[in-house]
Structure formats: C-alpha cells, structure tokens
Number of protein chains: 2
Amino acid sequence: MIMNMSVVDEMVCFSLYSATRATTRAYTELLAPWDLTYPQYLVLVVLWREGEKPVHELGDMLQLDSGTLSPLLRRMEAKDLVARHRASKDQRIVTIAATARADALREELGHIPGVIARCTGLPDLAAARELISTLQQLTTTMRNGVPAGN
Amino acid sequence: MIMNMSVVDEMVCFSLYSATRATTRAYTELLAPWDLTYPQYLVLVVLWREGEKPVHELGDMLQLDSGTLSPLLRRMEAKDLVARHRASKDQRIVTIAATARADALREELGHIPGVIARCTGLPDLAAARELISTLQQLTTTMRNGVPAGN
DNA sequence: GAATACTAAGTTGTGCACAACTTAGTTGTG
DNA sequence: CACAACTAAGTTGTGCACAACTTAGTATTC
C-alpha cells in the first residue's frame with residue numbers, strides 16, 4: 001500500500017485496457033468471415049443461451065445502454081441476424097429474437113470459444129476461474145464508483 | 001481443458017471487457033473536471049515520465065496507431081495540452097511535447113493513481129502485480145494471433 | 001380521470017479503436 | 001542519379017461506448 005503503489009495501479013488499468021483490445025482484435029479476426037463484431041457476437045451468445053429478450057435485459061446482461069444497443073441491433077437486423085417486435089403486453093418493450101440465420105450460425109461458430117481458450121494462454125481451468133473472479137470483483141468495486149472525497 | 005472450458009473462456013473475455021469499461025468510466029468521472037479522457041490522460045502520463053516523443057513512439061507505448069493518435073493529439077493540441085513540431089533531422093517525424101499547462105496538471109492530477117488504487121479493490125501490491133502479470137501474458141499470447149488452422 | 005412520475009427504446013453528438021488508404025519524406029540499390 | 005521499397009503521420013469510414021436528450025407508453029397519486 002506504500003510508495004510505488006501508484007505506478008502499479010496505473011499499470012493494472014493499462015494492462016486491462018491492453019488485454020481487452022488484444023482480445024477484441026482476436027475476436028475481430030475470428031469473426032471476420034461472418035461479418036460479425038465482438039459485441040454483436042455477444043448478443044448472439046445471449047440469445048442462443050436464453051432465447052428472445054427485451055432490449056433492456058440484453059443491456060443488463062452486457063452492461064450496455066440503449067444508446068449502444070439500438071444502433072447495434074439495427075445493424076444486426078439489417079444483416080438478418082435478429083428480429084425485433086413489440087411485446088403486446090407492454091408496448092414500450094421491444095423483444096429481440098435470433099433469426100433462423102442466427103440459429104444456423106450457432107453451429108458454425110461453435111469452434112470459437114475453444115480457439116479463444118487457446119489464445120488466452122491460461123494454463124488451466126483454475127487459472128481461468130481465478131482471473132474471472134478477480135476481474136468480476138474489480139468490476140464491482142469500480143462500478144461502486146469513485147468514493148466521496150475523491 | 002475439458003468440457004465447460006468453452007463457457008469459461010468466453011467468460012474470461014467478457015469479464016475483461018466489463019472490467020475495462022468499468023475502469024474507463026471511473027477514470028472518466030475522475031478526469032471530467034479537467035476535460036480529459038482516459039487515453040488523453042495516458043498520453044500525458046507518458047510525456048510526463050519520458051519527455052517529448054514522436055507520435056510513433058507514443059503509439060508503440062500505448063499500442064495505438066496513427067489513426068487513433070492523430071485526431072486524439074489534435075484534440076489535445078486544441079486544449080493546449082500538447083505541442084507538435086516537425087523534427088528537423090527527419091521531416092516525417094512529428095514530436096509531441098507536453099505544454100506548460102500540461103506540466104501544471106501533473107501536480108493537480110497526482111491524486112488519481114491513489115484513487116484508482118482504492119477503486120480496484122485489490123488487497124495488496126502482490127495481488128496487483130499478479131494481475132498485471134497475468135494480463136500482460138494474455139495480451140502477448142492474444143497478439144500472437146489466432147493460430148493457423150483456426 | 002387527470003396530472004405527475006416513471007420506464008423503455010431510440011436519437012444525437014463526442015471520442016476512441018482500427019482497417020484501409022493517402023501523402024510526404026527517407027533509405028537502399030543498381 | 002533514378003527509382004523502388006520503406007516509413008511516419010494523417011485521412012476516411014465503420015462500429016462501438018456513453019452522456020444527454022427525446023418520444024412514447026405505463027404506473028401512481030390525488
């Protein structure tokens with residue numbers, strides 16, 4: 001907690017920032033043949049696993065607001081990957097569903113998690129779980145925000 | 001390395017992605033009073049520590065290309081945070097230097113690393129170093145790219 | 001039941017990231 | 001010297017993220 005903590009903590013953030021961009025680039029390369037971006041792929045993963053979902057629930061799961069999701073889903077709709085329809089019960093809610101084309105992609109893209117697994121270079125499942133745990137805790141703490149009084 | 005590895009590995013990437021966005025938001029909030037973004041702050045940190053630098057060396061350090069840095073530095077120049085001048089020796093090279101105003105900010109922003117330190121929620125220096133090490137290794141492996149044959 | 005508060009989705013505007021390209025300057029080779 | 005190969009910075013275009021706002025529909029309260 002003493003002296004050089006400062007530099008190290010900036011390094012935590014910077015190495016996070018670098019690692020995420022490297023990961024996104026790996027996904028970009030992997031997904032290029034299907035004209036998919038990483039956030040678009042994440043939407044498909046959620047829809048494949050959970051079925052159709054309102055926009056705000058997708059937003060809760062991916063931690064993205066409508067300002068990000070609305071145009072992203074519009075692009076996915078244009079590529080015939082998702083369909084939107086108003087829920088009849090509550091006319092404010094737009095439900096997003098994977099299309100038949102998206103469902104077909106599920107098999108085609110089944111190799112991706114394994115490829116990414118190798119790309120992480122993590123030695124085993126335990127190491128992966130530990131990293132996930134550390135990152136999730138960091139996310140929670142960060143999201144609680146900058147404590148009052150700086 | 002067996003069964004559910006796939007799901008876990010997607011979780012590694014997603015937790016990275018979430019953690020980075022949470023961190024960037026924390027920086028955004030912290031830096032708002034100075035009208036600075038996180039990448040702009042990173043440029044200042046490099047210039048403070050290393051003195052003036054050509055654009056491509058900034059790019060090497062931050063892993064950003066000229067397509068990102070050129071407009072970013074233009075915005076920083078407009079805010080009187082950096083100055084650009086052509087190196088006389090090699091006329092292709094534009095050297096970026098912190099302005100007096102940027103140097104003055106160095107003290108004013110001195111509290112930030114400590115605040116971020118607390119926001120990470122990491123228990124001690126050892127935990128921070130371990131996370132940095134894991135992330136740097138992951139970045140290197142990721143950047144080596146998707147191995148041939150998928 | 002009318003005014004108010006709230007919620008869901010979408011819009012607008014700014015700033016990264018990054019691929020692909022352009023322009024200008026430098027180096028290397030014959 | 002000429003010319004090809006290379007390098008540095010900048011430009012263009014696309015797609016996130018996200019703050020701030022708008023629009024429309026729902027719930028609440030009196």
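Numbers restart at 1 for each chain; the letters A, B, ... are given by sequence-line order, proteins then strands.
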To the nearest angstrom, how far is [X] atom [atom1] from [N] atom [atom2]?
X	N	atom1	atom2	result
L36(A)	dG15(D)	CG	P	12 Å
L31(A)	dG15(D)	CG	C1'	14 Å
I96(A)	dA9(C)	CD1	P	8 Å

**Q.** Residue whose closest nucleotide on DNA chain D lies nearer the 5' end, K89(A) versus T24(B)
**A.** T24(B)
(Q) I want to confirm an ordering. Mapping A22(B) and D35(A) to their closest nucleotides on DNA chain D, which one lands closer to the 5' end? (A) D35(A)
Considering only [options], which nucleotide approaches the side chain of [X] most closely?
X	options	result
R21(B)	dA19(C), dA9(C), dC18(D)	dC18(D)
V94(A)	dA17(D), dT11(C), dG10(C)	dG10(C)
R92(B)	dA9(D), dT26(C), dC16(C)	dT26(C)

Q. Between Y17(B) and dA17(D), is there a side-chain N or O to OP1/OP2 distance below 4.0 Å?
A.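 Yes, within the criterion.
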Q.
Using side-chain contact (heavy atoms from CB on, under 4.5 Å), reason through L16(B) and L16(A) one step at a time and then give a plain yes or no.
A. CA-CA 7 Å; L16(B) 258 174; L16(A) 260 174; 3.8 Å; yes
**Q.** Residue mapping more 5' on DNA chain C - nearest nucleotide basis, T28(A) or Y38(B)
**A.** Y38(B)
(Q) Under the criterion side-chain contact (heavy atoms from CB on, under 4.5 Å), I'd like the reasoning laid out for L138(B) against T23(A): C-alpha separation, chi angles, the key distance, then a yes or no. (A) CA-CA 9 Å; L138(B) 188 147; T23(A) 304; 3.8 Å; yes
